[in-house]
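See structure below.
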Amino acid sequence: EDQVTQSPEALRLQEGESSSLNCSYTVSGLRGLFWYRQDPGKGPEFLFTLYSAGEEKEKERLKATLTKKESFLHITAPKPEDSATYLCAVQAAGGYQKVTFGIGTKLQVIP
Amino acid sequence: EAQVTQNPRYLITVTGKKLTVTCSQNMNHEYMSWYRQDPGLGLRQIYYSMNVEVTDKGDVPEGYKVSRKEKRNFPLILESPSPNQTSLYFCASSRTSGRSPYEQYFGPGTRLTVT
């Protein structure tokens, strides 16, 4: 059974204080790992897809990396508008269509 | 505008009264899926569909039904709702490569309360 564990569950940062969110996964062959952002009361919004170990993707203050067992979402010099819940999800290889999400990390950036 | 729409956005109902939550997408996506989101449990997949007339169970399908008669629509049916189905529901869609979906686009959510 595919499993996704995210840590920490909650993170409070001062504006400008860089940090990383972790996503550990267990899957029988990874087809893709996805990062989403979710604002309160809204649907998740896609950020990144990573397909293979060593791959990195960047968008503004966010950078996602992937190893064979985990992914990190690095947040550089965060701003209050980066406050949200960040979700990680995995999809197994082999033509398998089910997607498994982690519980998420709730990030609060304080001015 | 490319979007996934869900209706209703909020629903309060009573145990046993059949209900349908509609989902529609205008992106011509093959893959559509339903999730429920509960505190401490995260997003859990209920059902997904790779194309018209092709559906499959996710992790928590009990008590739910779906159908995919048209590519753009993927309704979620609760034939006899119970209080443990009180949750926030999201519909999502995605383009596909071969038999696998890419990133998903989510609807705004439907908050369901069953009393």
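Note that this is a predicted model, so its numbers are computed, not measured. Each chain gets a letter, A, B and so on, in the order its sequence line appears, and its residues count up from 1.
Cluster membership check: B/Y89 does not share its hydrophobic cluster with B/V4, using side-chain heavy-atom separations under 4.5 Å among Ile, Leu, Val, Met, Phe, Trp and Tyr. One hydrophobic cluster, built from ILVMFWY side chains closer than 4.5 Å, holds both B/L19 and B/L76. There is no path of hydrophobic side-chain contacts, each under 4.5 Å, that joins B/I77 to B/W34. Hydrophobic clustering, with ILVMFWY side chains joined whenever heavy atoms are under 4.5 angstrom apart, keeps B/F74 apart from B/Y102. Grouping the Ile, Leu, Val, Met, Phe, Trp and Tyr side chains by contacts below 4.5 angstrom, directly or via other members, places A/Y25 apart from A/F34.
With a threshold of 4.5 angstrom between heavy atoms, B/Y105 does not approach chain A through any atom at all. In this structure, chain A has heavy atoms under 4.5 Å from both the backbone and the side chain of B/E103. Looking at A/L47, there are no atoms closer than 4.5 Å to chain B (heavy atoms on both sides), in backbone or side chain.
If you tally non-hydrogen atom pairs under 4.5 Å between each of B/A92, B/S33, B/G107, B/G40 and chain A, the highest count goes to B/G40. Ranked by non-hydrogen atom pairs under 4.5 Å with chain A, the options B/L41, B/D59, B/L88 are led by B/D59.
Here the CD1 atom belonging to A/I103 is positioned 10.5 Å from the CG atom belonging to B/L43, to the nearest 0.5 angstrom. The distance from atom CD of B/Q37 to atom OG1 of A/T85, rounded to the nearest 0.5 Å, is 8.0 Å. Separating the OH atom in A/Y36 from the CZ atom in B/F106 is a distance of 5.0 Å, to the nearest 0.5 Å. Atom CD of residue B/Q104 and atom CZ of residue A/F46 lie 10.5 Å apart, to the nearest 0.5 angstrom.
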Item to check | side chain to side chain contact (heavy atoms under 4.5 Å, CB included) between B/Y35 and A/V99, intermediate numbers included | outcome: CA-CA 10 Å; B/Y35 297 86; A/V99 180; 3.7 Å; yes
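The number of heavy atoms from other shown groups lying within 6.0 Å of NZ (A/K57) is above 12. The local environment of CD in B/E53 is crowded, with over 12 non-hydrogen atoms from other residues, nucleotides or ligands closer than 6.0 Å. Heavy atoms of other residues, nucleotides or ligands lying less than 6.0 angstrom from CZ of B/R44 number more than 12.
Scanning all heavy atoms of the two residues, the minimum distance from B/F90 to A/K42 falls at CZ-O, 3.5 Å.
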